[in-house]
Chemist: 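Quick one: this structure, given as structure tokens, is what I'll be asking you about.
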Amino acid sequence: MAVAELNPAFTKTHLHSSQLSFLSRSVPTHQHCAFPTLHRNQQHARISCSVTQQNQVQAPAVQTQEPNSKSDCYGVFCLTYDLKAEEETKSWKKLINIAVSGAAGMISNHLLFKLASGEVFGPDQPIALKLLGSERSIQALEGVAMELEDSLFPLLREVSIGIDPYEVFQDAEWALLIGAKPRGPGMERADLLDINGQIFAEQGKALNAVASRNVKVIVVGNPCNTNALICMKNAPNIPAKNFHALTRLDENRAKCQLALKAGVFYDKVSNVTIWGNHSTTQVPDFLNAKIDGLPVIDVIKDRKWLEQEFTEMVQKRGGVLIQKWGRSSAASTAVSIVDAIRSLVTPTPKGDWFSSGVYTDGNPYGIAEGIVFSMPCRSKGDGDYELVKDVIFDDYLRNRIAKTEAELLAEKRCVAHLTGEGIAVCDLPGDTMLPGEM
Ligand SMILES: NC(=O)c1ccc[n+]([C@@H]2O[C@H](COP(=O)([O-])OP(=O)(O)OC[C@H]3O[C@@H](n4cnc5c(N)ncnc54)[C@H](O)[C@@H]3O)[C@@H](O)[C@H]2O)c1
């Protein structure tokens, strides 16, 4: 059945006069499907049409509780769908809740529409989007919700917006944590770690309190490895394995450069690992990578190029892009988040793997435990992953890995106050930079 056929036909509204007065009193400007949660425990309206049972889409249940409750609805999602559609939507899966922070930012502006279109979780997977913004971005967040509303995505069953992670993360099964503060002029890296670390400490606590017990968390906001560590340490009731730092964009960049050098299309490049930190110390691994099934070092025989130009090109690609275009790589980052999710929800092609920043405890490579480090992973497509064992190392690779490992250990010491591991000591190496910095 074509997805387009499932687009609901609207028949009638269910708004009660009591709800209307509440809405006009408390949230007069929100004339769309979202529920602004302006402050914790404050009144807010909520979309309530939803898929509520496995394989069964139900008509929206418009609720008529008192203004203090969370379940008032308004906007397009308060309309009743054509009940005939119920029969046609029985092949749909159970609705999943996806929380996205920094939802009014540039990356989200690409990502949200990909999520809602079905290209990430599939054409039979209805979704609810829970969008978290900052106080400054709440108006913009409403604009995002309006655009989602106007896009008429059949699979998008709920949209909610707010600035309180304890409300927005409720029952989240995926948390895509993009929102973070950029490094301001003259700001030390240690300050950035602290400012953004506090955001991720709070969001970790919120996930721990209200999200699904098996929520999968992908941290994008920088410095993403250490932010993921902070988030994880503040969410002790969620498996540590569920936390990822996004290094997929770096992997994609590495694949593109190897393909270019070898004169092949990039789908011929496989087994590319990014080791370590999403920073300029990251290690794009050409030793284990393959082109058309052959080791890269047998195809590209210029070892000097691999060790120097290629490695630096990948590490600094983000900064070069900003110089050219005056803005950062939001679109390709959104694509790489899609790739990262799809790598967890679809089985990894035989013999291949993907990179993700994950917790090092129990890793088979001898990398220090207790940090979030990008390593090669395989998934059965169940949302989980295992680390790849059949990788080789040489002195060059070991030395590079040691450098990025030292950087992450220094970052960890610098945020000890946010991970519950004592007093912070910041002795960051001088060259610590994000890929978007020159
Ligand atoms: N890991 C990667 O590969 C990768 C790649 C590119 C960018 N990034 C990082 O992703 C982050 C977002 O990038 P962007 O281009 O979308 O930035 P952006 O400035 O366009 O958007 C960030 C949004 O987050 C919001 N925000 C700030 N604090 C928040 C909080 N506490 N809770 C919720 N929202 C909050 C801001 O209001 C803003 O709307 C940055 O930290 C950037 O460095 C990571």
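As the structure lists them, so they are numbered: ligands from 1, and atoms in each ligand from 1.
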Chemist: Are W353 and Y385 an aromatic pair by the rule of ring centers under 6.0 Å?
Modeler: no
Chemist: Going through the distances and angles, do L387 and Y365 end up as a side chain to side chain contact (heavy atoms under 4.5 Å, CB included)?
Modeler: CA-CA 10 Å; L387 292 174; Y365 318 114; 3.6 Å; yes
Chemist: Are the charged groups of K403 and E407 less than 4.0 angstrom apart, N to O?
Modeler: no
Chemist: Do NZ/NE/NH1/NH2 and the carboxylate oxygens of R378 and D390 come within less than 4.0 Å?
Modeler: yes
Chemist: Can you list, by chain and residue number, every protein residue with a non-hydrogen atom closer than 4.0 Å to ligand 1?
Modeler: G102, A104, G105, M106, I107, L132, G133, S134, S137, I178, G179, A180, I199, Q203, V220, G221, N222, C224, L246, H278, S328, T333
Chemist: Quickly, which of T247, T404, D285 forms a side-chain hydrogen bond (donor to acceptor under 3.5 Å, both in side chains) with S374? Name it, please.
Modeler: T247
Chemist: Students often mix this up, so state it plainly: with edges at 30° and 60°, are the rings of Y396 and F286 parallel, tilted or perpendicular?
Modeler: tilted
